[in-house]
Every structure is written in structure tokens, then in C-alpha cells.
There are 2 protein chains.
Amino acid sequence: MPEVVVRRLAVYLRILREADLSDNRFVSSAELGEWAGVTPAQVRKDLAMFGEFGKQGVGYQGRNLRDELARILNTDETVAVAIIGMGELGAALARYIQRRHAGNREYPFRAVALFDVDPAKVGVSVEGVAIDHLDALPERVREQKVKLAVVSVPAAAAQAVTDRAVAAGVRAILDFAPVKLRVPPHVRVHYADVSLELHQLAFYL
Amino acid sequence: MPEVVVRRLAVYLRILREADLSDNRFVSSAELGEWAGVTPAQVRKDLAMFGEFGKQGVGYQGRNLRDELARILNTDETVAVAIIGMGELGAALARYIQRRHAGNREYPFRAVALFDVDPAKVGVSVEGVAIDHLDALPERVREQKVKLAVVSVPAAAAQAVTDRAVAAGVRAILDFAPVKLRVPPHVRVHYADVSLELHQLAFYL
DNA sequence: TAGATTGTTAATCGATTAACAATC
DNA sequence: TAGATTGTTAATCGATTAACAATC
């Protein structure tokens, strides 16, 4: 499945989650495309890759489409997330995720495990979740069946913690460290690299 | 210029900045491609869009290529950045950027202006830069000639602060709020949307 | 000179858009 | 039924890869 399609599906889902979907609100590919900034044909093609969700002449039933997309993206149930590295960024991410989950039951992500190596941080709670020592990662990841991890450690440590997370069963990683991670083919990595984004934007100045 | 090319240029530049470039180290498109995870042809094509930087039979002179790329990406001189929203994420970003700039003179970005609306935060210094009230944004952006801004405010406030930043002369925005921003055509927006990334990754679980 | 690698053109690949028959 | 909009096929567009003459 092309990565761009998955990205757009996530956009459609967010739009539908935010939209006010009264019981029988139908949404057309034209509307959804307008909101997402893509063509109606694009919307229909993207959705058609996963099934026939619409009714000719009417459009897509909003709530149904939202639920189908959540199912496709595996966010119809709560997704357990581990955050590795409780520096300022990691702690900010942990609080962000927990608060969104607490504030809106539809928000699927929940930080169930937090890790650091600093003894001063281990044991401290962040939004009700205790920070564990990195050495406890394999055990915690296995017992909580964590499949998705956020890496927010210094660049020099990123590959090593990634290796440990992957060995423990993690299948997808969001990496904030400015390092290209080497992982086995069954593991997916996305990069959230602030400096790279700033560099790209600087081109247009 | 295709956006993917600009993205790869930024990757090449980072690689060259990190590489140990002795005086006459030459780098081939094969090497650079290997490090960046793209084909040699891709590297040559990308670079050829901006000029002829290589020597046949030899490759690209590392330091020269690095400097050329920095020039193309407008990061051969320090780039002033404003950060709007000093919540946890905003503050973490401010510290990250300042520390990298302080630690490595080659790091081009510098947070020269920080903004929030919380009276408890205004006046507080973050890594030596005082937080200003949002109302001071137009004045500060103009006097510091800030062209690049980071938006790290709550979703509900993102469009409003963007409008003010754009009115003051900002040309490129890195938006951390999960909101599609509407901006005039001469303004570039990149999104750093953690929830969207997590949603995409969840697809592969 | 011989070997290597660029810059560039041509071939391939894949994604987007347009068009329209199917059908609600 | 008439009007609207889907699902899908065909046409277009653009980006990637392969190939090779130019040349250091």
C-alpha cells in the first residue's frame, strides 16, 4: 500500500473525527476532498483501495466511514505507546498524548510505558505513568504488548534503544532523533526531525 | 522545484555536515546515495538541478558540495526563528534549537524570539531569550527580520497566530498544531503532526 | 592513456486526474 | 424517473531509474 495513501487516510480520519457527524450525515468525495485539500477522484481512489464504502448518488455515511477508517488504521481500539527518552521533548510528548487520551476517549493512543536512564528520572510519574529504567524495556514492552514506540533520546543513543525495542517486539517507531535508523524489514520507521523540516523550509525564504 | 528534491537536499547536507571531510575528500554519488538511502542516479539528478558541482571520474569535493548545499538551502548564514507558544513542546523546541546552535556554530537556526500569552511566562528567559507577549509579535518579527516561525500553540489558536505572523512578514511556518493552516500562496507551511504520524504508523501494526 | 564517475537523455515506473458507466 | 455520486478504467502527468557519451 503506497505510503501517501496511508497518510491521506489518516487525514480523512481526523477530519471525520472532528466533523460534526449527525446520525445520517452523508459526506461526498467532493466535500472530503475539499477539507483535505485533494481532488474528489483522489478521495474515491484512496477509499476504493480498501472496499466499497459509499452509495452511488449519495456519498459516504459519515460515521460509518469514520469507523471503517479507524479500523483500517488500527485505531479503533486503544493503541499502547512506549516513549523512550524522557528529556524535555519526550516528557512533553508523554503529557501531550496522555492528556489527549484523557480528554477525548476517541483519541486512540495511550502512553503505557516511559523510559529513561537517568536515575533522577526513574520512578518519577508523568501524567500518572511512572518512568522506568531503560533496562526494564524488554520486560515492559512484552508484558504490555507494545507495538509502537517513540524514540526521543539523544542522537548517539537512538540506534541502540531502537535495537532493544525491536528485539522486544516493537513494530513501528516514530524517531525524533536526527539519525537514520537501521531496522529489519518488518519494522516501520517514521521520522519527526525538526532540524530537517527547518532546513527544508529555509529553502523557501 | 519538487518538494521531495528539497527534502533530499536537506538530507545530503546533514550527511555532509556530519561526515569527516578532510581537505580534499571527494564524495561520489554512489557513496552519498548509500548514506542517504537513495540511488546514485537520484543523487546526481538532484544535484544537477542546481548546477554542476562534480568532476567526472572523481566525484564531488565534499566541503565544496556541503557549502553549495548550504547556500542553496539558505543555511549558509544564521537563520532567525520565532517560536510561538511556550507550552512544554514550544519550550522544549526553543531549548533544543538554542543548545544545538550554541554547541555547534555550523547549526544555522537560532531562536531569536519566543512568544506566549500567559502573563506568568512573559518575561521568563529560555536559554537566554526572554519570552514576549504575543502582542509584541509584529514588532519583534519586523525588527529581527524573522522569516521562519514555529507554531506550537493549541489547535484552536493556531490559525490566528499564523495570520498575525504572516501579516508581520513570516514566509515559512513549521506547524505542530493538528490543524491545516490557510496561508497566502507565498507562505510555505510544513506540518509536524505527532498524532498524524502515529496514525500512519498504526496502520502497519 | 585507462579507469572512473559525472551530467543528461531515454525508458520505466507509479501516482494523479479525468471521464463515464453503473447504480442508488 | 431524474439527478447525483460512486467505483473503476483510461489518459495524463511527474518522478525514478537505467544507460551512456562526455570528460576528468
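Each chain gets a letter, A, B and so on, in the order its sequence line appears, and its residues count up from 1.
Side-chain proximity of A:R44 to D:dG7, C:dA15, D:dT17: nearest is D:dG7. In the set C:dG7, D:dC24, D:dT16, D:dT16 carries the atom at the smallest distance from any side-chain atom of B:K45. When each of D:dT17, D:dA15, D:dG7 is scored by its nearest atom to the side-chain atoms of A:E52, the top-ranked nucleotide is D:dG7.
A salt bridge links B:R63 with B:D23; the closest basic N to acidic carboxylate O contact falls under 4.0 Å.
Residue A:V5 is the one, among A:V5 and A:G57, whose nearest nucleotide of DNA chain C lies closer to the 5' end (criterion: closest heavy atom). Residue whose closest nucleotide on DNA chain D sits further toward the 5' end, between B:Q56 and A:G51: A:G51.
OP1 or OP2 of C:dT5 has not a single side-chain nitrogen or oxygen of B:S29 nearer than 4.0 Å. Distances shorter than 4.0 Å separate some side-chain N or O of A:T39 from OP1 or OP2 on C:dT17. Applying the 4.0 Å criterion to OP1 and OP2 of C:dA4, one finds that B:Y60 has every side-chain N and O outside that range.
Counting any heavy atom pair closer than 4.0 Å across all strands shown, A:P40 reaches no nucleic acid atom. Residue A:F26 is out of contact with every strand shown, counting any heavy-atom pair closer than 4.0 Å.
Using the six-membered ring where Trp is involved, B:Y107 and B:Y96 have ring planes that are perpendicular, over 60° apart on the 30 and 60° scheme. The aromatic rings of B:F109 and A:H199 lie perpendicular to each other, with more than 60° between the two planes, well past the 30° mark.
Between the CZ atom of A:F53 and the P atom of C:dC24 there is a distance of 17 Å, rounded to whole Å. In this structure, A:Q42 places its CD atom 16 Å from P of D:dC13, rounding to the nearest Å. The interatomic distance linking B:L65 (CG) with C:dT5 (P) rounds to 16 Å, in whole Å. Whole-Å rounding puts the A:Q61 CD to D:dT6 P distance at 14 Å. Nucleotide D:dT6 holds its P atom 14 Å from the CG atom of A:N64, rounded to whole Å. Between B:L32 atom CG and C:dT5 atom P there is a gap of 14 Å when expressed in whole angstrom units. Going from atom CD of A:E3 over to atom C1' of D:dA15 covers 16 Å, rounded to whole Å. Following rounding to the nearest Å, B:M1 (CE) and D:dG14 (C1') show an atom-to-atom distance of 14 Å.
When both distances must be under 3.5 Å, the Watson-Crick or G-U wobble mate of D:dT5 is C:dA22. Pair assignment for C:dT17 gives D:dA10, based on Watson-Crick or G-U wobble hydrogen-bonding distances that are each under 3.5 Å.
Checked against A:I83 for a side chain to side chain contact (heavy atoms under 4.5 Å, CB included), the options A:I97, A:I131, A:V129, A:V151 give a single hit: A:I97.
Taking a 6.0 Å sphere around CZ of B:R182, one finds it holds 12 or fewer heavy atoms contributed by other residues, nucleotides or ligands.
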